[in-house]
2 protein chains.
Amino acid sequence: MTTRGPSLRADARRNREAILDAASELFARRGESVQMDEIAERAGLGVGTLYRHFADKQALRAAIIGRRFEAMTSLARSAEQIEDPWTAFETLLYGYLESAQPDAAFRFALLGPQEPSWGEIDAEKTAFAAIVERVVQRAIDAGHLRTDFQASDFVLITRGAMANMTGREDWRRHLTLQLEGIRAADR
Amino acid sequence: MTTRGPSLRADARRNREAILDAASELFARRGESVQMDEIAERAGLGVGTLYRHFADKQALRAAIIGRRFEAMTSLARSAEQIEDPWTAFETLLYGYLESAQPDAAFRFALLGPQEPSWGEIDAEKTAFAAIVERVVQRAIDAGHLRTDFQASDFVLITRGAMANMTGREDWRRHLTLQLEGIRAADR
DNA sequence: CCATAACATGAACCTGAACTCCGGTTCCGG
DNA sequence: CCGGAACCGGAGTTCAGGTTCATGTTATGG
């Protein structure tokens, strides 16, 4: 998926990038409602070209989401490098949410019912989850998180916060409240 | 809005109810994607009849959501009657969420971007909020909730829980965690 | 029981947005 | 510099689903 190989003419590759960029931008800002013609125009291309690169709208959307997940994984990877377990955890959590905030398409993809055919994304998702697992475990071992905290709770927390990304910065308040319920009892 | 008056033929009133019931059922289960023809069929009526009673699909949706909000308000009213402040709070919280759980349309209406033209619903929403305000305040005064808890936090918590209503019962776990962050520190 | 206004019906209509298709254009190895 | 394979453009096609309206049906007061 990533290194698609050499067999792609130079202009084709350039256009593919342009499409991805334009679509990212628009999907991020307006979510579901953007239409193919708009994306084409913003990319400075014809609609036909979009369909040369992606089977249908759904496939394009999936590619975008996949891209974002790759970014999330690399974010997680760098957070994992941080020495202090709690700082690592917080960095991951805030980094994840702050990346999600401006991307309505991504948030919606996670909050709405999951589509079928997102098989490829699931793989990336798993990679991300594995890193979260480790960061969480480290925070628990260091005595910063409740011992009964699960990696799956990370998902609950983040979904909760994302649900409150409506215009304002309410989600930060919500996250703070949630963190209180998550920390180890002794402080 | 509620007592629309006498000027409505008996069969018309009956049909209106049938439409509302059918639409509630379908919207609740399948959210946005139901189509007018389906609703008509399930109500045992023709599509034209739907349009006699509701200007368009959006209006029908709004009527349904409004109805649910009325139910929520009456739920809140009865929770408010409970003696013990904490029990009242918990009853309201769980009652609200358990009602929301089977109703995808309602949840989606709250989680998605709010449509315009839902002015009438906002009124009902305000009534609900007023009751929440009182129940929350009582729980704070009784020393069960953090003193810095806001009525608006009720919204954050419930949105968070609703975001985790995906098939399983994850939201209960999430709510438990959230409650830990919400309770008064002294326990 | 009638007259008639209110109501119901659903096939046809219309809209908008995804997708196709083929004539024209561009890249690239030789 | 050339041939042709790969690629692009965007007007036109298709189709799903919301909405209308001419025709038929039913409730209700007198």
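Throughout, a chain's letter reflects where its sequence line sits, starting with A, and its residues are numbered from 1.
- The nearest whole Å value for the distance from the NZ atom in A/Lys57 to the P atom in D/dT14 is 21 Å.
- Regarding B/Met36, its CE atom lies at a distance of 12 Å from the C1' atom of D/dT20, rounded to whole Å.
- Protein atom CG of B/Leu8 is 12 Å distant from nucleotide atom P of C/dA6, rounded to whole Å.
- When the nucleotides D/dA27, D/dT19, C/dC28 are ranked by their closest atom to the side chain of B/Asp56, D/dT19 comes out on top.
- Rounding to whole angstrom units, CD of residue B/Glu41 and P of D/dG17 are separated by 14 Å.
- For A/Asp11, taking side-chain heavy atoms from C-beta onward, the closest of the listed nucleotides D/dG9, D/dT28, C/dT26 is C/dT26.
- The side chain of A/Tyr51 sits closest to C/dC19 out of C/dC19, D/dT19, C/dC7.
- By the 4.5 Å heavy-atom criterion applied to side chains, A/Leu93 and A/Phe154 are counted as neighbours.
- Straight-line distance from the CG atom of A/Leu50 to the P atom of C/dA18: 10 Å, rounded to whole Å.
- B/Asp103 pairs in a salt bridge (charged side-chain N to carboxylate O under 4.0 Å, His left out) with only one of the listed residues (B/Arg67, B/Arg29, B/Arg30, B/Arg68), which is B/Arg68.
- Taking CD of A/Glu41 as the reference point, atom CE of A/Met36 lies at 14.5 Å (rounded to 0.5 Å).
- For C/dC7, neither phosphate oxygen OP1 nor OP2 lies less than 4.0 angstrom from any side-chain nitrogen or oxygen of B/Asn15.
- Rounding to whole angstrom units, CZ of residue A/Phe54 and P of C/dA18 are separated by 15 Å.
- A straight line from CD of A/Glu17 to P of D/dC8 spans 13 Å, rounded to a whole angstrom.
- Among C/dC7, D/dC7, D/dG10, the nucleotide with an atom closest to any side-chain atom of A/Val47 is D/dG10.
- Within the 3.5 Å criterion, the main-chain N or O of B/Ile131 finds no donor-acceptor partner in the side chain of B/Arg77.
- Residue A/Arg9 places its side chain closer to C/dC27 than to any other of C/dC27, C/dA8, D/dC8.
- At whole-Å resolution of the value, CZ in B/Arg16 and P in C/dA6 are 17 Å apart.
- Comparing A/Asp37 and B/Val34 by the nucleotide of DNA chain D whose heavy atom lies nearest to each, the residue mapping closer to the 5' end is A/Asp37.
- Between D/dC8 and A/His53, a contact under 4.0 Å exists linking OP1 or OP2 to a side-chain N or O.
- Toward the 5′ end of DNA chain D lies the nearest nucleotide of B/Ser33, the other residue of the pair B/Ser33 and B/Ala10 mapping further downstream.
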Checking B/Arg138 against B/Glu80 for the salt bridge (Lys or Arg N to Asp or Glu O under 4.0 Å) test, could you report, in this order, the C-alpha distance in whole Å, the side-chain angles of both residues, the deciding distance, and whether it holds? CA-CA 10 Å; B/Arg138 207 146 60 89; B/Glu80 195 182 11; over 6 Å; no
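- Among the protein residues, B/Leu45 comes within range of the sugar-phosphate backbone only, with heavy atoms under 4.0 Å from sugar or phosphate atoms but none that close to a base.
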